[in-house]
Amino acid sequence: MARFRIAVLGGDGIGPEVVGEAVKVLEAVAATALEHVFELTEDKVGGAAIDAYGTAIRKETIALARRSDAVLFGAVGGPKWDDPKAAVRPEQAILGLRAALGTFANLRPARMQPALVHLSPLKPEIVQGADVLFIRELVAGTYFARPKKYWQDARGQWRAVDTTAYTESQVERTVRMAFELARGRRKRLHVADKQNVMATSRLWRDVASRVAAEFTDVEFQPILTDALAMHLLYRPLEFDVIVTDNLFGDLLTDEAAVLAGSMGLMPSASLGEARNRHSGYRGLYEPIHGTAPDIAGRGVANPIAAIQSMALLLRYSLGLQREATAVERAVDDAIELGLRTPDIARAGEKTARTSEVGDAIAAAVTRELGGAASSVSRSSDAG
Ligand code: IPM
Ligand code: MG
């Protein structure tokens, strides 16, 4: 019997709603996997934690994440905590967790579901069949390197500096993970950089080219990030796996949501070197759509990215491949059957509520895996 410990951090806006649906799907999985026990512990992060505790993430929450086998995360932020100069900001929760867990590789798959091709602003013949996996470096580069400051000099002029810095090993571990993932897919890897301008990019290209020699079965191609931003929309089918640094990856993966049709369909997995007790990755899983404060609490948010993130959690952290695939199939079926939240529905089509989509996917998982009683225990670390 395996005992899986999962930290559930819903956060703000639609975060808790979509994470709730992912938990529903996990409960369906648990009901069919009676040899396993799933222990879920919930806590507040982001704006919710600022309101309750005055900090975006408590030390106890970081400790909870560290002793968990995996973390399921919703989203953080919102108009209430919007001041970018405030000392305490919701984003500190996610940035702090990424750093604390050392999850250097952020996997962001973008796949065009055949039934959703109408969602894309791109022509069907261009986007149909698009299936791209981004690997974004997540714990170094422009987001974390020092100095990073905003100050007034002696003459009273405001100045600001961010630093982009990488070491060979930071690049190598990320690129290596990308090559390995490319091996399990269509065996094509692009590294996106700005080597015509940036020294860090020359390091990325050099390290990637060196590692490529060990992966002769993978077709390797460096590409300039600006050119990639264009080619991704003109010729998405040419791309399989794309590895890039933290900042470029942030920008390109929002663009890649166009290939999936909606931000509500973009899951992510953040993996590091650390293994959990089940020899899976100790990972952090989050939908990339953010908190969508305009639709929060109305029951219309799309839970699919969170549910797909749960599937990635089952695969990469818990080693439950069959269950992960069952969840992904159930998601595809729900979309095919027309159970769609407003963001992915056709004009005039009847739309489904967040919880209806979660219920349907959970039921499909049960059908797919077969089973009865549940073995999920829940507790709360808050308060
Ligand atoms: C993302 C988000 C975050 C990032 C924000 C919330 C700090 O945009 O996960 O892509 O920039 O990494
Ligand atoms: Mg982003």
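Only this structure's heavy atoms are used, side chains among them; waters, hydrogens and symmetry mates stay out. We count ligands from 1, going down the list as the structure has it; atoms in each ligand are counted the same way.
In this structure, the ring of Tyr285 has its center no less than 6.0 angstrom from the ring center of Tyr316.
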message: Would Arg210 and Glu168 count as a salt bridge (charged side-chain N to carboxylate O under 4.0 Å, His left out) here? Give the steps.
response: CA-CA 11 Å; Arg210 171 166 63 70; Glu168 184 178 5; 2.7 Å; yes

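Between Ala305 and Met263, the shortest heavy-atom distance links the atoms CB-O, 4.2 Å.
Contact annotation: for Met266 versus ligand 1, there are no heavy atoms closer than 4.0 Å.
Taking CG from Leu265 and CG from Leu259, the interatomic distance works out to 12.0 Å, rounded to the nearest 0.5 Å.
Between Asp131 and Arg111, none of the side-chain N atoms (NZ, or NE/NH1/NH2) sits under 4.0 Å from a carboxylate O, so this pair counts as no salt bridge. Salt bridge present: Asp217 and Arg183 bring a charged side-chain N and a carboxylate O closer than 4.0 Å. Glu21 and Lys24 are joined by a salt bridge, as a carboxylate oxygen and a charged side-chain nitrogen come within less than 4.0 angstrom of each other. Under the 4.0 Å criterion applied to side-chain N and carboxylate O atoms, Lys123 and Glu125 are not assigned as salt-bridge partners. Ion pair Asp226/Lys194 flagged as a salt bridge, since at least one NZ, NE, NH1 or NH2 atom sits closer than 4.0 Å to an Asp/Glu carboxylate oxygen.
On a distance-only criterion, Glu91 and ligand 1 share no N/O pair closer than 3.5 Å.
For the Mg ion (ligand 2), protein N, O or S atoms closer than 2.8 Å were enumerated as Asp250 OD1, with waters left out.
For atom 5 (C) of ligand 1, the nearest protein heavy atom lies 4.0 Å or farther away.
The protein heavy-atom contact nearest to atom 8 (O) of ligand 1 is Asp250 OD1, 3.3 Å. The protein atom (non-hydrogen) at minimum distance from atom 1 (C) of ligand 1 is Arg108 NH2, 3.4 Å. Of the protein's non-hydrogen atoms, the one nearest atom 11 (O) of ligand 1 is Tyr143 OH, 2.5 Å.
Within the listing of ligand 1, atoms 1 (C), 4 (C), 9 (O), 10 (O), 11 (O), 12 (O) sit less than 4.0 angstrom from a heavy atom of Arg136.
Partner of Asp69 under the salt bridge (Lys or Arg N to Asp or Glu O under 4.0 Å) criterion, out of Arg275, Arg3, Arg277: Arg277 alone.
For atom 9 (O) of ligand 1, the nearest non-hydrogen atom from the set Arg89, Arg98, Glu286 belongs to Arg98.
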